[in-house]
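Atoms considered below: every heavy atom in the structure, side chains included; atoms not considered: hydrogens, waters and symmetry mates. All figures in this text were calculated on a predicted structure; none of them were measured in a lab.
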Amino acid sequence: MPRSSRTIPTSEISESEQSLDQRIYKELVDHVVEVETDAFIRAVLYKDTETMEEDRLRVAEYLTLSQTPSPHEGRAEGDPADSSPPHPTIPPPTTSHPTESTPDRRPSTPDVSPHQKLLLPTCYLREGDMYAQYVKLLNSRFFRAKIKAVDNAWLPAQPPQDDDAIPTASQSAGPPLHRVFRDTHKESRSFSRYNYGEAGLKPDLCLLIECGDTPNESEESEGKPKVAPHWKDVLVPIGVKKKQCMDMSALVQMAQYARSVMLEQFDRNFVITVLITGHECRVFHWDVVRAHVTLPFPTHSALFIQVMGRLATMTPSELGYDTQFSNAGRVRSTEIEHIQTHLTIRLSKPRAFFDHNATSSTPESSENGPSLVVDLENILFESKGLLFNRATRVWRAVAVNDPLPEAECQWSKGNTYIVKQNWADDKRPNEGFIHTLAQKVDVVPKLVGIEERQFTSSFRARFQKEHFLDFEPPEKAKGSRKSASRTRSIPRGYASHTYDHASTGVCDKGVGDEDVASNVGAGDEKRPFERVLLRFVFDGVGRPLSEVGDSVELLQATEQWITGLIKLDESGIIHRDISYGNLLLPSSRDGTGQASIIDFGLSHLKDENILTQLLSDRSPKGYILGDSQPHGHVTGTLPFVAHELLSKFEKKKGCMHALHHDIESVFWVLLYICLKEHQDEDNVFGKILRALTSHEVHQVEREKRALLNPEDEDDRFENVGKFGELEDFLNKFVQIRKACGGKNAGDLASKVLDLISTELQTIKSNRVNRKDLDTPDPDVSAPATKKAKHPKAP
């Protein structure tokens, strides 16, 4: 089939600025792939053709039984008995689903006899009336049929015991969990930790998990959930629209549903959503890279019955749950606080690159590595706000099993470790390998081991090239894409909210965190952008910057960070993502511990020869080297990216990321800490902070330029509050940076180290003098009311 392009028409609602999440809209551009319906269903919903054929036969049998004529059929119009509830039936499965994509395709309304209207909503109903009818259909006996093999996969969650990662299925745990379709359009679904900006989101229908007890019939008939609405319980969110076509508003809503599920359910690797528009249905598969969606197919068809029935009878792993988490997909929202989670990690030593067959549908993972089972105590960090991203999560965890003596990776039972999980760019050098190169640098945590869990390319490889069709989101937008390119905005990066920005999307596309495609090898072919799910285990636990005590502790840690960055540079490593979340304080508060620098996912190696020697013959050298070496793309978390990098980006000029850029990022982190307490204030500090945390590159660049180039000597950081003792350091750093411009940039690191040493001595001396004079310490005194001077940006 030739590749074609579809543009979905808009409706009046999609033209409303308030109806669209602009950030999601920008992410969807070039990240939605339309797939032939039959190929999608075979690849996404079924593991084998045998199960697919069984479902097809079950549907045919169900349709045959449901087509029995109603005893009321044939009565004269106006007969009182004609008002009796008809026997539910649906049209024979004669309408085949489309196999070709044509622009602005408008399907004809299928013929529906009067006695069939009770079963499936028709175009004559209001949208609100459609929900209950779909719930009645989808909760029929066909969809609720008992399938023993499937029910055994949905046994109630059980607390893990000892070193068991996945408890043995036990019927004593109670009856299997129900998978039930509910009308959920009236109540907002909640989150466990944050609302991620999605407070108030109400999916029309949901396939939910509920307690295995016999459902309350009155609740069942009304389609109401039995517990408070929560995203933890959602298996498949469903949107229902009366209008016949999918517009941008509906597409963004599907993306919001998928994002909400992925953010709440940490054990989920992908999400399936369903969109019903008029008499058409589409099924979506969402992962961290892109969305795949079927062509529209009729709801009055055997295919619709088969697809929805299949969703209700899939196992947790088939719905995207990662079974290396205990009770994956089976912990209900009411059990979050009561059932602990174990995670099995198959550890291995990191290889330099992810040499894998991107055209193979067989998942590649570290199946033979030693299995470390950890008890996930609490989550320390999770990225949020983006739809397609690295999806980083970090837990504090305790090892609950002993390693085998001959295991390559060793750990100690009962010890506390840090477990990090993220979806990395599969063409970049392995972050774990960077750790091995930097193992002698004190600020870099010790890596116990790494697991390569799975590649997104293995999913895409299930399809043939002819199955894909290019897909363009609707033109809302008559100016949205142009505007995005013109303003070159990127996802917002509030460090206090710990957004995850793998390269922050500061690239020509304006969205996303890496280029979608890069050159592969020496040829002209391009490989789609893909990711790999990695899990790291680190020895050593630091403290977040939110726990910093005073200016002395912060400067002492800064001295260690700067020293560490210098040693990394000497080892040929540039970090490229120094940020508030990636700098850690020592675990102890007495000033004797070791501060840390974490997250080397965006770092690069300065010496190309090292990489060239490590690449195997099968590695796409041009593809890897072109992305892992210094280049013109700006990476990092926007509020902390060095000004020169942003300035070059705005001028569309290349700029190699170097040591002095990482040093300047440390300065922006310190300034952020000083300003953070003023984030809700309408004063000069609050305005500076809001400008620095803007999602617009030009606004951040403009503010940083003003701060680094004061109009006169009186424009100084003063009265910043709790960390007032840092004022002299911040002001002198600005002077040193200005003096180390151009060819002298390499002197910045050593001069900043000297400045830190001087300032620490000065602060300690001043504290002794204040103690003798019984004067309050600036770090603990009430914030000054005097208005601080600040250079106005030109």
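Because its NZ or CZ atom is not both nearer than 6.0 Å to the ring centre of Phe381 and within 45° of the ring axis, Arg393 does not count as a cation-pi partner of that residue. No cation-pi contact links Arg268 to Phe325, judged by a cut-off of 6.0 Å to the six-membered ring centre and 45° from its axis.
Taking Asp204 as the reference, Lys241 meet the salt bridge (charged side-chain N to carboxylate O under 4.0 Å, His left out) condition, with sequence neighbours excluded. Residues forming a side chain to side chain donor-acceptor pair (under 3.5 Å) with Thr456 (at least two apart in sequence, or on another chain): Glu530. By the salt bridge (charged side-chain N to carboxylate O under 4.0 Å, His left out) test, Lys420 pairs with Glu431, Asp599, sequence neighbours left out.
Ion pairing between Glu318 and Arg310 holds under the 4.0 Å rule for side-chain N and carboxylate O. Using a 4.0 Å cut-off between a side-chain N of Lys or Arg and a carboxylate O of Asp or Glu, Lys242 and Asp129 do not qualify as a salt bridge. Taking 4.0 Å as the cut-off between side-chain N and carboxylate O, Arg182 and Glu210 count as a salt-bridged pair.
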Full working for side chain to side chain donor-acceptor pair (under 3.5 Å) between Ser383 and Asn389: CA-CA 9 Å; Ser383 59; Asn389 71 112; 3.3 Å; yes
Apply side chain to side chain contact (heavy atoms under 4.5 Å, CB included) to the pair Val180 and Ile209, showing each step before the final yes or no. CA-CA 6 Å; Val180 184; Ile209 54 167; over 6 Å; no
Go through it in stages, so that I can follow the logic: the residues are Leu45 and Val307, the test is side chain to side chain contact (heavy atoms under 4.5 Å, CB included), and I'd like the CA-CA distance, side-chain angles, deciding distance and then a yes or no. CA-CA 8 Å; Leu45 302 188; Val307 166; 4.0 Å; yes
List the steps and the verdict of side chain to side chain contact (heavy atoms under 4.5 Å, CB included) for Asp425 and Leu602. CA-CA 9 Å; Asp425 180 348; Leu602 297 178; over 6 Å; no
Can you check side chain to side chain contact (heavy atoms under 4.5 Å, CB included) on Leu387 and Trp286, steps first, answer last? CA-CA 9 Å; Leu387 179 63; Trp286 303 85; 3.9 Å; yes
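Between Pro237 and Val261, the shortest heavy-atom contact is CG-CG2, 4.3 Å. Ile276 approaches Ile238 most closely through the heavy-atom pair CD1-CG2, 4.3 Å. The minimum heavy-atom distance between Leu263 and Glu382, with the atom names listed, is O-OE1, 4.2 Å. Here the closest non-hydrogen pair linking Asn139 and Phe181 is ND2-O, 2.7 Å. Residues Arg282 and Pro296 approach most closely at NH2-CD, 3.5 Å, considering heavy atoms. Across all non-hydrogen atoms, the minimal contact from Asn327 to Ala157 is OD1-CA, 3.3 Å.
Counting only distance, with no hydrogens or angles, the side chain of Gln340 and the backbone of Leu376 share a donor-acceptor pair below 3.5 Å. Checking side-chain atoms of Glu280 against main-chain N and O of Pro298 turns up no donor-acceptor pair under 3.5 Å. Of the possible polar contacts, none joining the Arg390 side chain to the Trp423 backbone as a donor-acceptor pair under 3.5 Å is found. In terms of modelled atom types and a separation under 3.5 Å, the side chain of Thr37 and the main chain of Leu295 share a donor-acceptor contact.
The closest side-chain donor-acceptor pair between Ser192 and Glu264 falls under 3.5 angstrom. Side-chain contact annotation: Ser190 with Trp231, donor-acceptor N/O pair under 3.5 Å absent. Under 3.5 Å, the side chains of Asn269 and Tyr321 contain no donor-acceptor pair of N or O atoms.
Residue Phe284 is tested with Leu275, Thr294, Ile272 for a side-chain contact (heavy atoms from CB on, under 4.5 Å); the sole match is Leu275. With Leu207 as the partner, the side-chain contact (heavy atoms from CB on, under 4.5 Å) test is satisfied by one option alone out of Val274, Leu235, Leu138: Leu235. Partner of Asp322 under the side chain to side chain donor-acceptor pair (under 3.5 Å) criterion, chosen from Gln454, Gln265, Arg453: Arg453.
Between His31 and Phe388, the angle of the ring planes stays under 30°, which puts this pair in the parallel group of the 30/60° scheme. Using bins of under 30°, 30° to 60° and over 60° for the plane-to-plane angle, the ring pair His467/Phe463 lands in the perpendicular bin. Using bins of under 30°, 30° to 60° and over 60° for the plane-to-plane angle, the ring pair His285/Phe459 lands in the parallel bin.
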